[in-house]
Amino acid sequence: MTLLAVERIKLFTTRSPWWCALITLVITVGFTALVVGNADAQFPATVATTQFAYSFGLAVIMVLAALAVTTEYRFGTIRTTFQAVPHRSSALLAKTGVVALLAFVIGEVSAFGSWGLSLIMQPDFDLKLNSAADWINVAGVGPVYAFAAVIAIAVGILIRHSAGAISLLLIYTLAVESLVQLIPSIVDDIYKWMPFNAANKFLTGDGASNAGRDVAAGAPLSSTPLSPGWALAYFAGIALVMLAIALTAANKRDA
């Protein structure tokens, strides 16, 4: 508990978490307002439409998580932490827990904030949470943000440089998985097992019929063969494996 309290104090006495949280809320709620505000009979608003911008907020959350680690390496405060807590894994796990919890809270606030604003803007559309899939589509954003934060922390521990870690995370989340789909010979074998593709399966279920995107085509937003529940477990497993690798590296090298 002491380590958690220390990491909480260190996190919230810096500006980046506050700015990142604010930017996440502005981006997700703002873009949702633009999309839902222009909904009509041809392109109706759905529950999933209210989460249109979650991926933009996801990128900001990963920046927040990476900075929580790399800033300590940049200013050398990680050395003081490791001197006070010789068991490095304990300190880094406490930091991961605090950041992941913050990411979860931001995800839930942004998701339900976007959904609530959509209800106010478009009361004539059916935006009630009538099914388990609807609830997952909204409430599931928090867990995805939390595990994405764990991945970002692992990358931050491994790279230890803010610009490098952030660049790698943003390039991957915003470009790599999308570009892989353009390679016909490997898309079926590789893309369906990529982590954020699996996270999309958890949030959107088996297809786009209730997702507010490409409804006419009926194509699934995620090509993974996993069920939504197993897709989240797979995404979480990747996050935890990456964290384990990062902790092993942190214990073997100089601070």
Side-chain angles (χ1 to χ4, degrees), residues 11-12 15-65 67 99-149 152 169-170 173-174 178 196-197 199-217 219-222 228 231-232 235:
L11 181 65
F12 288 106
R15 295 179 181 178
S16 58
W18 300 101
W19 279 109
C20 288
L22 178 61
I23 292 171
T24 300
L25 294 175
V26 170
I27 288 177
T28 54
V29 177
F31 272 97
T32 298
L34 290 175
V35 173
V36 174
N38 288 300
D40 53 29
Q42 185 177 1
F43 299 101
T46 66
V47 171
T49 306
T50 68
Q51 305 306 312
F52 170 81
Y54 101 93
S55 59
F56 300 125
L58 178 67
V60 181
I61 289 296
M62 297 185 79
V63 170
L64 183 160
L67 286 176
V99 175
L101 179 59
L102 175 62
F104 175 85
V105 172
I106 294 174
E108 294 300 297
V109 172
S110 64
F112 280 96
S114 298
W115 173 72
L117 179 62
S118 300
L119 279 176
I120 296 172
M121 294 180 63
Q122 295 287 6
D124 295 332
F125 288 99
D126 183 14
L127 297 179
K128 296 180 181 179
L129 304 180
N130 297 316
S131 66
D134 290 336
W135 276 99
I136 291 174
N137 209 170
V138 179
V141 173
V144 170
Y145 277 17
F147 289 121
L169 290 167
L170 292 182
T173 55
L174 299 178
S178 297
F196 291 96
N197 180 36
N200 284 337
K201 179 62 172 285
F202 167 66
L203 290 175
T204 61
D206 294 322
S209 60
N210 68 340
R213 306 180 205 171
D214 200 18
V215 176
L221 291 179
S222 172
L232 178 64
F235 184 59

Do the side chains of [Y] and [X] get nearer than 4.5 Å, heavy atoms only?
X: Tyr54; Y: Ile27; result: no
X: Ser118; Y: Thr32; result: yes
X: Leu25; Y: Val109; result: yes

Measuring from atom [atom1] of [X] to atom [atom2] of [Y], what distance do you get when rounded to the nearest 0.5 angstrom?
X: Leu102; Y: Leu64; atom1: CG; atom2: CG; value: 5.5 Å
X: Thr49; Y: Leu127; atom1: OG1; atom2: CG; value: 8.0 Å
X: Phe52; Y: Thr28; atom1: CZ; atom2: OG1; value: 12.0 Å
X: Ser114; Y: Leu119; atom1: OG; atom2: CG; value: 11.5 Å
X: Leu11; Y: Leu67; atom1: CG; atom2: CG; value: 10.5 Å

I'd like to know if the side chain of Asn137 and the backbone of Ala133 have a donor-acceptor N/O pair within less than 3.5 Å.
no
Who passes side-chain hydrogen bond (donor to acceptor under 3.5 Å, both in side chains) against Asp124, sequence neighbours left out?
none
Which atoms form the tightest heavy-atom contact between [X] and [Y], and what is the distance?
X: Gly37; Y: Gln122; answer: O-NE2, 3.7 Å
X: Gly140; Y: Leu203; answer: C-CD2, 3.4 Å
X: Ala59; Y: Leu170; answer: CB-CD2, 3.8 Å
X: Asn200; Y: Thr204; answer: O-OG1, 2.7 Å
X: Met62; Y: Ala148; answer: CE-O, 3.7 Å

Could you pull out all residues at least two apart from [X] that satisfy side chain to side chain contact (heavy atoms under 4.5 Å, CB included)?
X: Ala111; value: Gln51, Val138, Val141
X: Ile136; value: Phe202
X: Asn38; value: none
X: Ala103; value: Ile61, Tyr145, Ala149

Under the ring-ring contact (aromatic ring centres under 6.0 Å, His included) definition, can you give me all pairs with a residue in residues 15-48, not counting sequence neighbours?
Phe12-Trp18, Phe31-Phe56
Applying ring-ring contact (aromatic ring centres under 6.0 Å, His included), which residue pairs with at least one partner in residues 118-142 are found, sequence neighbours left out?
none
Partners meeting ring pair (Phe, Tyr, Trp, His ring centres under 6.0 Å) with Phe235 (sequence neighbours left out)
Phe196
